[in-house]
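Written out below as structure tokens is the structure these notes cover.
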Amino acid sequence: MAYVPGVALLAALVVGCSAGADGNANGADSKAGSPTVTPAPPGKYLTLPAPCRAVPRSTLKDLLPGAAELPGDQQDKVFRGSAAVTYDTDRKVGCSWKSDAPSATRSLSVDFERVVSYDPAVSDDDRADTVYAKKEKAAGLSSSATPGPPDENDKKGEGSETSEGSGKAEDPADTDTDADATGSAEPSPSESSGGSTDGTPGSSSSPEEALPSRILDNLGDAAFLQDLPKQAGSPAQHHTVSVVFRTSNVVVTVRYAEQPALITQVPDGRELQEKAQALARKLAETLSE
């Protein structure tokens, strides 16, 4: 009789544990039936193009003057390009070309980056937009909260032409119309870094004043152009133009540069920008096919 209460207590504990287990199971079932987060859609692009074959030979002949006059073997070597060293060609690839002519050296490079989001709540496109936005900010530009809409393409970030992308990143919204109309009143940083007061080639420096870095319209989902004339104090008249654009989950960067053989010669910044943009648009069309 003395052990009956103990046996009863043990039985009650067993029943309680069973009830608790059933409750947990029911709770798990109820959570499983609650609304779940739908995984974000994957990006459009699952692969990247072969970078050294992305630019047609006819385009390379135009971008690399002097290469077509080289002997056959040397010409083929120039147009073949040099593939960038990457550790994951499924995610990032690139290629570069260089042509030395008596009057100037021109170089070209293209880079493709396929962005993949590992957060199921964030799409590949949104992650790629973040990657693109960082590049845009580093160039001293801003296209507002949503990069690339038509009504935002006139906004310009000044100070990006000082050859330091992390320098001043002023983006006065009240100057976009004036900068688009003339392009010469606002980009004073490009004038100072472009060396417009460096002596004889005054006529060649005038296009520099009208070619600021800027947001581009009608190129991929978002795009910008960064114009980098020669560094202040440098005797070399090296001029680089970069065009960066995003299409879905791929970010493409085109860099086109010229360095004249003589320091008294100034590269034609307008020509460099036009050709870099034209190539970027061809690449965007090829990706969309």
Side-chain angles (χ1 to χ4, degrees), residues 42-101 104-117 124-125 127-129 131-132 135-136 139 148 216 218-228 238-259 267-268 271-289:
K44 176 181 178 180
Y45 301 103
L46 303 179
T47 60
L48 291 172
C52 292
R53 294 199 296 268
V55 184
R57 177 170 285 224
S58 58
T59 303
L60 289 173
K61 287 181 178 180
D62 178 54
L63 294 172
L64 305 172
E69 284 71 34
L70 294 172
D73 293 344
Q74 297 181 32
Q75 184 180 138
D76 290 340
K77 183 178 180 180
V78 170
F79 292 141
R80 193 181 305 123
S82 177
V85 178
T86 61
Y87 297 98
D88 189 353
T89 54
D90 188 48
R91 295 286 302 277
K92 190 171 185 179
V93 295
C95 191
S96 60
W97 300 262
K98 185 178 180 181
S99 173
D100 295 317
T105 296
R106 291 207 184 188
S107 59
L108 169 71
S109 69
V110 294
D111 294 290
F112 300 87
E113 181 178 359
R114 187 175 70 90
V115 181
V116 177
S117 172
D124 292 348
D125 284 20
R127 175 60 183 157
D129 188 60
V131 172
Y132 165 84
K135 294 178 180 290
E136 187 181 271
L216 298 177
N218 300 322
L219 176 55
D221 296 313
F224 71 86
L225 181 149
Q226 185 178 21
D227 185 78
L228 294 173
H238 189 273
H239 194 130
T240 302
V241 171
S242 296
V243 176
V244 180
F245 70 91
R246 178 185 72 83
T247 174
S248 185
N249 62 317
V250 170
V251 179
V252 182
T253 301
V254 175
R255 293 184 185 88
Y256 188 41
E258 178 184 350
Q259 181 166 330
D268 187 342
E271 178 194 11
L272 294 174
Q273 287 199 12
E274 289 175 352
K275 290 187 175 182
Q277 288 186 76
L279 174 57
R281 295 186 190 282
K282 285 183 180 179
L283 294 175
E285 291 172 2
T286 301
L287 285 170
S288 64
E289 292 176 354

Side-chain heavy atoms of Leu64 within contact of Val78, under 4.5 Å: yes

Provide the closest heavy-atom pair for Thr247 versus Gly220 in the form atom of the first, atom of the second, distance. CB-CA, 4.5 Å

Check whether any side-chain heavy atom of Val244 sits under 4.5 Å from a side-chain heavy atom of Val252, and report yes or no. no

Just wondering, do Glu258 and Thr105 contact through their side chains at under 4.5 Å, heavy atoms? no

May I ask you to test the Leu283-Val254 pair for a side-chain heavy-atom distance under 4.5 Å? yes

Within this structure, what is the CD-OG distance for the pair Gln259 and Ser107, rounded to the nearest 0.5 Å? 9.0 Å

All side-chain hydrogen bond (donor to acceptor under 3.5 Å, both in side chains) counterparts of Arg127, not counting sequence neighbours: none

Arg53 atom CZ, neighbour heavy-atom count above 12 within 6.0 Å: no

Give me each pair satisfying salt bridge (Lys or Arg N to Asp or Glu O under 4.0 Å) with a member in residues 273-288, each pair once, sequence neighbours excluded. Asp62-Lys275, Glu271-Lys275

Taking the side chain as C-beta and beyond, is there a heavy-atom pair between Leu272 and Pro267 under 4.5 Å? yes

When rounded to the nearest 0.5 angstrom, what is the spacing between OG in Ser109 and CH2 in Trp97? 8.0 Å

Are side-chain heavy atoms of Lys61 and Phe79 found at a separation under 4.5 Å? yes

Val110 to Pro51 - nearest heavy-atom pair and separation: CG2-O, 4.1 Å

Taking all atoms of both residues into account, what is the closest heavy-atom pair of Asp124 and Gly43, and its distance? OD2-N, 2.8 Å

Apply side chain to side chain contact (heavy atoms under 4.5 Å, CB included) to Leu60 and Leu108, showing your working. CA-CA 9 Å; Leu60 289 173; Leu108 169 71; 3.8 Å; yes

Please evaluate residues Gln273 and Tyr256 with respect to the criterion side chain to side chain contact (heavy atoms under 4.5 Å, CB included), reporting the C-alpha separation (whole Å), side-chain torsions for both, the decisive distance (0.1 Å), and the verdict. CA-CA 8 Å; Gln273 287 199 12; Tyr256 188 41; over 6 Å; no

ring-ring contact (aromatic ring centres under 6.0 Å, His included) between Phe245 and Phe224, worked out: CA-CA 7 Å; Phe245 70 91; Phe224 71 86; over 10 Å; no

Nearest heavy-atom neighbours spanning Asp90 and Leu46: OD1-O, 3.5 Å

Begin with the C-alpha distance, continue with both residues' side-chain angles, and end with the deciding distance and a verdict on side chain to side chain contact (heavy atoms under 4.5 Å, CB included) for Lys135 and Glu113. CA-CA 12 Å; Lys135 294 178 180 290; Glu113 181 178 359; 4.2 Å; yes

So, Asp125 versus Ser248: side-chain donor-acceptor pair below 3.5 Å or not? yes

Among residues at least two apart in sequence or on other chains, which ones pass salt bridge (charged side-chain N to carboxylate O under 4.0 Å, His left out) with Asp111? Arg255

Counting distance only, does the side-chain N/O of Tyr45 pair as donor-acceptor with the main-chain N or O of Arg114 below 3.5 Å? no

Search all heavy atoms of Val243 against all heavy atoms of Ala280 and return the closest pair with its distance. CG1-CB, 3.6 Å

Answer yes or no: is there a donor N or O on one side and an acceptor on the other, between the side chain of Thr86 and the main chain of Lys92, under 3.5 Å? yes

Just how far is it from atom CZ of Arg246 to atom CD of Glu136, taken to the nearest 0.5 Å? 11.0 Å

Are side-chain heavy atoms of Pro65 and Arg106 found at a separation under 4.5 Å? yes

Quick one, Val251 with Phe112, criterion side chain to side chain contact (heavy atoms under 4.5 Å, CB included). Give me CA distance, side-chain angles, the key distance, then yes/no. CA-CA 6 Å; Val251 179; Phe112 300 87; over 6 Å; no

Asp76 and Arg57 ion-paired at < 4.0 Å: yes

Does atom CG of Asp73 have more than 12 heavy-atom neighbours from other groups under 6.0 Å away? no

Nearest 0.5 Å, what's the OG1-CG distance between Thr89 and Leu48? 8.5 Å

Using every non-hydrogen atom in the two residues, find where Gly66 and Ala101 come nearest and quote the distance to one decimal. CA-CB, 4.4 Å

Is the closest side-chain heavy-atom distance between His239 and Asp227 below 4.5 Å? yes

